[in-house]
Amino acid sequence: MANRIHHKIVIIGGGSAGIATASSMLKRRPSLDIAIVEPAEDHYYQPGWTMVGGGIFEAPATRRPMASVMPKAATWIREAAASFQPEDSQVTLSDGTVLGYDVLVVAPGIRLAWDRVDGLEQALGTNGVTSNYRYDLAPYTWELVRNLKSGRAIFSQPPMPIKCAGAPQKAMYLACDAWIERGILADIDVEFRNASGVLFGVKEYVPALRDYIENYGIDLKLNQTLVAVDGPARQAVFRTEAGEETVEFDMLHAVPPQVAPQFVADSPLANTESGFVDVDKFTLRHVRYPNVFGVGDAGSTPNAKTAAAARKQAPIVAVNALAALDAKQPVAEYDGYGSCPLTVERGKIVLAEFGYDGKLLPSFPKWVIDGTKPRKLSWLLKSEALPWIYWNGMLKGHEWMVKPHMGKAA
Ligand code: FAD
């Protein structure tokens, strides 16, 4: 018979959202029985990968051993979750262990579906094909940027949802800035081929980004989806409104399509349309199972999938999950906050911060940081402050500027 264990709180995933939520719960109840199911040996600060691809950070600065970020008071189960049986309040792990819970928090992130672009996975890491969406490849982005002298550089963006929707263009702006620095931008044809019909989803930030597109001389092509890559031939195929187009490249920065993790999509927890964990967009509680919560990229909420969103969501889930443990209703509400610091040049950032329905939610008054304009202070925030806040604040349960908002549900 399969091994069966039980913990009061079970969290699936020890990424940004899972660790932050566990720490926020333990701040409130230090002796709480929490198990975190996480197979990976390392934890990544993924927002740093844009900076690695831009030659600003070294890759190892974005990685720490999982053991070092696991809250000491939590039990780390080094396995992957394989399936959910929410009717019985249990999860089955990949080794067959059955894990029972009083309250479940689901946070396994989003799946990078490299396999949905023909030939992409095989092409990555050679022949000028790269992506900041992988730890091991972000340094290759910078290597390509440094070595390119002329030719065509293509930056692609897949259909939504993707994590950090600005990351495909951040890679491009930092590359253009480096090529200006070397005096060779005029010799490089830069193309941004974006599956979306707009440059960026929140209109207030578009004018500043458009200025950079123009100043760098970028050829902006909308409604174009990367469907195939042939690395050795240095050719990419895009589906456009007019049909398929094959383009030659010297450098291709590809961002993979992104979908719900398969074991979530296949489970009773899934939203029938998207496959993500089907949660109420304010309380983050599952719409059918009141003792289940979703947090981070794996949730069905229509916010920008970012670590910034996870930072805001984690205390809310902590408060509401503890209420569920006490057989009470949710008390805190999420406003959809997410943030995307767009690295428009080395030293300046357009700091997009917004919530549900594109409502601007700036953290600072306009006279300190006007997020719609490129600012040096925003760069300092991303390059200096945010990594420190991530490792020492968010992952440790310090809720600086993200204390839960007790809303209508209270
Ligand atoms: P993750 O941090 O991805 O963690 C998921 C965890 O779940 C992983 O540890 C994984 O091993 C584990 N897991 C997966 N499957 C299972 C399973 N079956 N069982 C148990 N565990 C499992 N955000 C920002 O706020 N600002 C930025 O500037 C920014 N830039 C980005 C740039 C890039 C290139 C990328 C890739 C991301 C960027 N992000 C940014 C997005 C941010 O990193 C994610 O939104 C954030 O990490 C989401 O946290 P998460 O915990 O939901 O997922």
Side-chain angles (χ1 to χ4, degrees), residues 42 44-64 112 123-157 163-192 208-209 212-213 215-218 231 234 249-256 306-307 339-352 374-391:
D42 291 309
Y44 296 96
Y45 177 60
Q46 299 168 37
W49 295 350
T50 294
M51 304 297 260
V52 175
I56 295 125
F57 290 177
E58 295 291 337
T62 66
R63 179 172 75 173
R64 290 196 184 172
L112 300 178
L124 287 166
T126 53
N127 295 311
V129 184
T130 190
S131 181
N132 285 348
Y133 276 69
R134 251 176 46 185
Y135 173 80
D136 59 322
L137 290 171
Y140 184 51
T141 302
W142 181 233
E143 187 186 318
L144 292 173
V145 169
R146 261 184 311 147
N147 293 333
L148 195 69
K149 294 186 179 70
S150 61
R152 181 184 287 135
I154 302 178
F155 294 79
S156 75
Q157 176 170 321
K163 54 180 157 185
C164 196
Q169 54 191 296
K170 295 184 204 178
M172 176 175 67
Y173 299 135
L174 289 178
C176 288
D177 187 80
W179 292 327
I180 287 189
E181 185 71 18
R182 281 172 44 216
I184 56 161
L185 182 63
D187 303 323
I188 300 173
D189 294 324
V190 183
E191 294 181 357
F192 185 33
L209 300 176
Y212 279 92
I213 293 276
N215 294 341
Y216 288 134
I218 295 166
R234 293 193 178 235
F249 62 80
D250 296 279
M251 170 180 171
L252 170 66
H253 181 273
V255 174
T306 55
S339 160
C340 190
L342 291 136
T343 50
V344 285
E345 61 179 281
R346 197 182 175 112
K348 280 194 189 162
I349 272 177
V350 169
L351 182 60
R375 290 285 181 256
K376 282 186 188 148
L377 196 54
S378 307
W379 177 270
L380 285 177
L381 191 69
K382 168 131 185 109
S383 59
E384 307 289 333
L386 285 174
W388 192 91
I389 290 171
Y390 181 81
W391 297 113

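Just so it is clear, the structure is predicted and the values come from calculations on it, not from any experiment.
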Nearest 0.5 Å, what's the [atom1]-[atom2] distance between [X] and [Y]?
X	Y	atom1	atom2	value
L377	K348	CG	NZ	12.5 Å
T50	K170	OG1	NZ	4.5 Å
L351	S339	CG	OG	5.0 Å
Y133	L112	OH	CG	8.5 Å
Y173	I349	OH	CD1	12.5 Å
M251	I154	CE	CD1	10.5 Å

Would you say [X]'s side chain and [Y]'s backbone share a donor-acceptor pair under 3.5 angstrom?
X	Y	result
Y140	G128	yes
S131	A254	yes
H253	M172	no
T130	L137	yes

Can you give me the closest heavy-atom contact between [X] and [Y], atom names plus distance?
X	Y	value
Q157	A165	OE1-O, 3.6 Å
P139	Y135	CD-O, 3.3 Å
G54	R346	O-NH1, 3.6 Å
K163	Q46	NZ-OE1, 2.7 Å
C164	T306	CA-CG2, 4.2 Å
W379	E345	CZ3-O, 3.4 Å

Are the side chains of [Y] and [X] in contact, using a 4.5 Å heavy-atom criterion?
X	Y	answer
L209	V344	yes
I184	S150	no
L174	V145	no
W142	V52	no
Y216	I180	yes
P374	Y212	yes
C176	L185	yes

Inset, instruction - Hey, could you give me each pair passing salt bridge (Lys or Arg N to Asp or Glu O under 4.0 Å) that has a residue in residues 134-149? Not counting sequence neighbours. - result: R134-D136

Inset, instruction - Please collect all salt bridge (Lys or Arg N to Asp or Glu O under 4.0 Å) contacts where either partner lies in residues 176-185, sequence neighbours excluded, each pair once. - result: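 Matches after skipping sequence neighbours: none remain.
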
Inset, instruction - Could you tell me which residues satisfy salt bridge (charged side-chain N to carboxylate O under 4.0 Å, His left out) with E191, sequence neighbours excluded, listed by chain and number? - result: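 Listed in chain order: R152, R193.
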
Inset, instruction - Assign the ring pair W49 / Y44 to parallel, tilted or perpendicular, where the plane angle (0 to 90°) is split at 30° and 60°. - result: perpendicular

